[in-house]
2 protein chains.
Amino acid sequence: MLAELDPLLHSQLRLAIVSLLMGVEEADFVFLREKTQATAGNLSVQIDKLSNANYIEVLKLQSGKRPRTICRMTREGRKAFENYVEALKSYLPI
Amino acid sequence: MLAELDPLLHSQLRLAIVSLLMGVEEADFVFLREKTQATAGNLSVQIDKLSNANYIEVLKLQSGKRPRTICRMTREGRKAFENYVEALKSYLPI
DNA sequence: CAATTTTGGTTTATAAAATAAACTATATTA
DNA sequence: TAATATAGTTTATTTTATAAACCAAAATTG
């Protein structure tokens with residue numbers, strides 16, 4: 001009862017990022033910024049943290065065009081999210 | 001979609017405190033410390049924050065015996081918790 | 001086409017939060 | 001009665017979140 005809450009996911013912005021990514025194959029920086037309403041700086045930092053933890057995979061494209069940063073969940077990230085959700089349930093009347 | 005998460009409740013320890021209090025009429029400091037495994041200092045600080053926000057009501061008894069700090073949810077606190085749970089659902093596959 | 005603005009970010013500085021360590025006062029025990 | 005334990009609070013430290021300042025390339029404008 002009252003399981004540990006993965007601190008990497010227990011943060012509003014990172015949870016939002018992961019929650020969005022769980023629903024799609026992949027999403028880019030601009031999409032995430034618009035959906036989360038975060039500032040670019042904040043989003044950049046949090047994407048890095050998720051990436052360093054290997055919860056998401058980040059591809060930085062530079063194809064003559066403007067840069068494009070594409071994110072997607074890793075298997076490890078999906079597992080972590082599922083664990084987080086289970087852990088959360090121990091706190092909630094669900 | 002992706003509702004605001006009340007920062008006062010989106011904290012593992014405070015969420016634990018509130019989650020425990022939601023299940024009972026009242027609980028004292030020692031009970032909360034044992035259940036949450038928090039240090040007394042940390043627990044004390046977080047109880048203060050919840051109390052200052054009027055999410056919980058705190059009674060400090062000094063009846064010749066050792067001190068006894070009793071906490072219980074306020075109506076406002078219950079409402080806040082319910083809102084928080086609803087908001088969380090926008091992030092989760094529930 | 002040169003200057004300006006916009007886009008898509010990163011880096012760094014600041015503010016806020018969580019947490020533990022140090023401390024206090026009373027009570028209990030040896 | 002001296003030592004220890006209990007029930008906390010206060011303060012200092014570490015960590016985290018967040019925004020502001022910055023940068024390079026692309027698009028726009030006059």
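We name chains A, B, ... by the order of the sequence lines, and we start the count at 1 in each one.
Proximity note for B:K60 (side chain, C-beta onward) versus C:dG9, C:dT19, D:dG8: the nearest is D:dG8. When distances are taken from the side chain of B:S11 to each of D:dT18, C:dG9, C:dA18, the shortest belongs to C:dA18. The side chain of A:L13 lies closest to D:dT18 when the candidates are D:dT18, C:dG9, D:dA7. Considering only side-chain atoms of A:A40, the nucleotide from C:dT10, D:dA17, C:dA20 that sits closest is C:dT10. Of the candidates C:dA20, D:dT9, D:dT18, C:dA20 carries the atom nearest the B:V45 side chain, counting heavy atoms from C-beta on.
Position along DNA chain D of the nearest nucleotide to A:T39 versus A:R66 favours A:T39 as the more 5'-ward residue. When each of B:P67 and A:H10 is assigned the nucleotide of DNA chain D bearing its nearest heavy atom, the one mapping closer to the 5' terminus is B:P67.
Distance alone, capped at 3.5 Å, is enough to place a donor-acceptor pair between the B:R14 side chain and the B:P7 backbone. Between the side chain of B:T36 and the backbone N or O of B:L32 there is at least one donor-acceptor pair closer than 3.5 Å.
Within 4.0 Å of B:V30, counting heavy atoms only, lie sugar-phosphate atoms of the nucleic acid but no base atom.
Nucleotide D:dA19 holds its C1' atom 16 Å from the CD atom of A:Q12, rounded to whole Å. As a whole-Å value, the separation of B:L61 CG from D:dG8 P is 9 Å. Atom CD1 in B:I47 sits about 15 Å away from atom P in C:dA20, given to the nearest Å. Rounded to whole Å, atom P of D:dA17 lies 14 Å from atom CD of B:E4. Atom CD in A:Q46 sits about 12 Å away from atom C1' in D:dT15, given to the nearest Å. Straight-line distance from the CG atom of A:D48 to the C1' atom of C:dT12: 14 Å, rounded to whole Å. Atom CD in A:Q62 sits roughly 13 Å away from atom C1' in C:dT10 (whole-Å rounding). Between the CG atom of B:L5 and the P atom of D:dT18 there is a distance of 11 Å, given to the nearest Å.
Neither OP1 nor OP2 of C:dG9 sits under 4.0 Å from any side-chain N or O of A:S44. Checking the phosphate oxygens (OP1, OP2) of D:dT16, no side-chain nitrogen or oxygen of A:K49 falls inside 4.0 Å.
Other residues, nucleotides and ligands contribute more than 12 heavy atoms inside 6.0 Å of the CD atom of A:Q62.
Test A:L15, A:L13, A:L20 against A:I17 for side chain to side chain contact (heavy atoms under 4.5 Å, CB included) and you get one pass: A:L13.
Here the side chains of A:L8 and A:Y55 are in contact, with some heavy-atom distance below 4.5 Å.
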